[in-house]
Every structure is written in structure tokens, then in C-alpha cells.
Number of protein chains: 2
Amino acid sequence: MGRWEPDARDRLVRAALDLFDEQGYENTAVAQIAERAGLTKSTYFRHFRDKREVLFGGQDELVELLVAGIAGTPESAGPLAAVEGALVAIAVTFTEERRANGPRRLAVIAANDELRERDAMKMAGFSSVMQEALRRRGVPELDAAVAVELGVVALRVAYGRWLEAGGDFAEVARRALDEVRIVAAALEGAE
Amino acid sequence: MGRWEPDARDRLVRAALDLFDEQGYENTAVAQIAERAGLTKSTYFRHFRDKREVLFGGQDELVELLVAGIAGTPESAGPLAAVEGALVAIAVTFTEERRANGPRRLAVIAANDELRERDAMKMAGFSSVMQEALRRRGVPELDAAVAVELGVVALRVAYGRWLEAGGDFAEVARRALDEVRIVAAALEGAE
DNA sequence: TCAAGTGATGGGACTTGGTCTCATCAACCG
DNA sequence: CGGTTGATGAGACCAAGTCCCATCACTTGA
């Protein structure tokens, strides 16, 4: 494993975030990101499949944790409990460093359509993986879909609150999902 | 309003769908679509903002209908009822012609990441517009999010069934949403 | 110590998506 | 019949993304 300057990937991520922040995503060329990281365009595309992906690293790890979180919940528990297990399982990835860069990253994504597309796609990917994991436990398709979508709503809420206030993400996520449960139950009564 | 061969936009849509079907989305160049439609690349990009968009026309109309459907539901009704109003409102766009091309279009989209991204983005757009419409009626943010996501699950289910069996989309959507309601209520009991 | 092998990088040609500008041409209007 | 308008054609141009091959740092084995 030959190595020159290590952490090429990290350097690319940092350079990209800085440049996007300074001059906007659209005004930044991939060659420029690579240059600031002391690399070339070729090397950039060896680390990331396209210009957007530099902002969405670590997704594979999240997917694995979500699935493991569902698989690790006792079979006797309902689908919503399994989804809660998934949300708690990804808490290990919500580090302080991630929280520090979170707002900047969110601002960059929100400002650009291409990036919002990729974001929506990632979220849809999470949904789809969790639904499959639930179906493998014998949960009917519609039940799985509803449980997962409620979980995704809770995830969004929890992420926002965690970025603002910090704390243990697992705890924040559990509380958010409880609120979603209550709201979902009340919706029925309101009809 | 000068006109030569009319329906340039429709011709582009048909040419694109045919070509994507025949040789795949990635193996088709925009110039080729334009050529088959008897036009040029320049004209293509005057009708669609990018290569993907040719498969996602009519979204603005859907958004308007969704919002109108929510606004047209009595204030006394709960958020889920308003979402049902939105689903019923878009039924007018589910024509026989759309049903004929639906499976082919779905197959093309499913086979390509870029297109699935655009699809996820469109869906997220629908969610966001409906949530805003609900919040304008005074529905709390979390309630709006939950109601809308349940509605989107119902919409997906209904679309699949309508493609298979046809019939009145409004009716199919209402039934799907009822099932989602039941499932959501049962999820609570299962914990 | 040195030669071969390996993995990451550099470099440049090439295709295509997408933008921009200017010329053209058909219809409409007075 | 001349001017205007709106849609189109033509082509230059830039950046994203792919491919192929050369190169260099480091490792391994004799």
C-alpha cells in the first residue's frame, strides 16, 4: 500500500466544503477542489464518483448500521420499535466533528438543486433499505412502509435538534420518535 | 405566436421515451433525441432544463392541484383529510394515455440512478409543498410532516395499483389512504 | 542491495451535458 | 409590403465524467 501524503480523501472533502462555502457549489470546478487538496481531477474521481458525492460520504456505513439496528431488535417487538433500533444504531456516527461541520454542509446543500436531489436520493435509499430489512422479518409491506416513513420524519426532526443543541443523538432520536408516535395516534382521533 | 410543426415538446417526449426504451438512458444523447424529433439540441434545452426533465413533465400542474386540494378541504377537517383532498385533486391528471406509458416510463427511471434521483426529488417537492399548505392552515409542523408522509405512502401504493388495474384514481387513492390510516393506528397497538 | 511488483497518482485525449450568442425564418400586424 | 415577434438553427465554449497509459513511492523477495 503505497502512500505519499496520507488522507487524500479527507483533504478533498475539506477543500470542497471550503470552496463551496467561499464561492458556491456551481462556481467551483472539480479541478479546483483537487488543486486545493494538492491533487488532480483524475484522483478526485477515483475517490468520488461525481462532484456531488464529496458531500455525502459515509453513506454505506449508515446503511449497514440501520440494517443492523433493525436486525438487532427482538423479533417480538413491533416494526416501529425496530425502526427505533435503527435510529439508535446510527447514533455512533453523530460525532462532535460532524456536528461542527453540519450547518455549513446543510447550507451548501440547501442552496443547490443538484445537491438537494442527491440528498433526497440518499434519504430514499435509507427508507428502502429499512423497508427491506423489516420485510425480511415478516412485516407486511404497507406496515413496513408506514413505520419507516414515520421513522424518517423522526430522523429529520432529531437531526435538526441535535445540530442545534447537541447531546446524545440516541436520546434525541428516541424522544423525536415518541413525539411522532403520539402525533400519528392523534391524527386518527382528529378525523 | 409563430408555429412550424406543432407540438415540438410532445415530439421530444415521445422520441426520448422511445430511445431510452430501445437503447437505454445512458446510451442516448440529447442531440439524438432532438434529431429524432426533427429538432436540434438547442431547441431541446429550450423546452427542458436538462436531459432528465423530459421524463418529468407536468410537475407544476401537480403541485398546483395538490395545494388546491388541501386549500379546498374544509378547515374543520383534520390534516389527513386535507391530504386526502390533495390526492383526490390530482386524479384528473391520471389519464388513460398516462396509464399506457406509465410502466415504460417507470422501467426507464428504475434502471438509472440519475433518474431515480430526480424522481426522489420530485416526491420530496410534493411533500414539502403539501406541508407548507398544511402549515398555512395552522397545522403544527410535526403533525403536517406526519400526515403528508402517510399521504405519500398512500400515493405510491395507489399509483402502483392504478397502473395495474386502472379505474378511477380518486377512488383508488381514497382506499389506499384508508388502509394507511388503519396500519398507522395498528402500529401503535403493536408496541 | 537491487530488481520486480503493487497501488496510488498525474496527465491528457475524448465524449457529452449544458450555456450562450447570433443568425434565420415563419407567421402576424398595420 | 415592411417591421415585429417568437421559435428555431448553428456553432463556440466550458465543465463533468470516462479512459488509457505513464510515473512514482513504497514493498517484497532473492
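Proteins get letters first, then strands, A, B, ... in listed order; numbering begins at 1 in each. Worth saying up front: this structure is predicted, and the values here are computed from it rather than measured.
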Subject >> Nearest-angstrom distance from the residue atom CG of A:Asp7 to P of C:dT9 >> reply: 11 Å
Original post:
Does B:Arg161 come within less than 4.0 Å of B:Glu171, counting only side-chain N to carboxylate O?
Top reply: no
Original post:
Does a donor on one side chain and an acceptor on the other come within less than 3.5 Å for A:Gln32 and A:Gln23?
Top reply: yes
Original post:
Applying side chain to side chain donor-acceptor pair (under 3.5 Å), which residue pairs with at least one partner in residues 134-152 of chain B are found, sequence neighbours left out?
Top reply: B:Ser127-B:Glu149
Subject >> Between P of C:dT16 and CG of B:Leu19, the distance in whole Å >> reply: 14 Å
Original post:
C:dG17 P sits how many Å from B:Glu26 CD, rounded?
Top reply: 11 Å
**OP:** Kindly state which residues belonging to residues 41-48 of chain A come within less than 4.0 angstrom of DNA chain C, counting heavy atoms of the residue only, listed by number.
**Re:** A:Ser42, A:Thr43, A:Arg46, A:His47
**OP:** Let me know the distance between CZ of B:Arg9 and P of D:dA7, rounded to the nearest Å.
**Re:** 12 Å
Original post:
How long is the line joining CG of B:Asn27 and P of D:dG17, in whole Å?
Top reply: 17 Å
**OP:** May I ask you to check if B:Lys51 and B:Tyr44 form a cation-pi contact, with NZ or CZ under 6.0 angstrom from the six-membered ring centre and within 45° of the axis?
**Re:** no
Original post:
Where along residues 107-121 of chain A does a heavy atom come under 4.0 Å from DNA chain D, residue by residue in number order?
Top reply: none
Original post:
Of all residues at least two apart in sequence or in a different chain, which pass the side-chain hydrogen bond (donor to acceptor under 3.5 Å, both in side chains) check with A:Arg175?
Top reply: none
Subject >> Within residues 30-40 of chain A, residues whose heavy atoms come under 4.0 Å of DNA chain D >> reply: A:Val30
Original post:
Using 30° and 60° as the class limits, which term best fits the ring planes of A:Phe94 and A:Phe169: parallel, tilted or perpendicular?
Top reply: parallel
Original post:
To the nearest angstrom, how far is B:Lys51 atom NZ from C:dT15 atom P?
Top reply: 16 Å
Subject >> Residues B:Arg118, A:Glu114: salt bridge by 4.0 Å N-O rule >> reply: no
**OP:** Would you kindly check if the NZ (Lys) or CZ (Arg) of B:Arg105 is within the cone defined by 45 degrees around the ring axis of B:Phe56 and under 6.0 Å from the six-membered ring centre?
**Re:** yes
Subject >> Given B:Arg52, B:Lys122, B:Arg116, the one that forms side-chain contact (heavy atoms from CB on, under 4.5 Å) with A:Glu117 >> reply: B:Arg52
Original post:
Can you name the residues that form a side-chain hydrogen bond (donor to acceptor under 3.5 Å, both in side chains) with A:Tyr159, not counting sequence neighbours?
Top reply: none
Original post:
Got a salt bridge between B:Glu22 and B:Arg36, using NZ or NE/NH1/NH2 to carboxylate O under 4.0 Å?
Top reply: yes
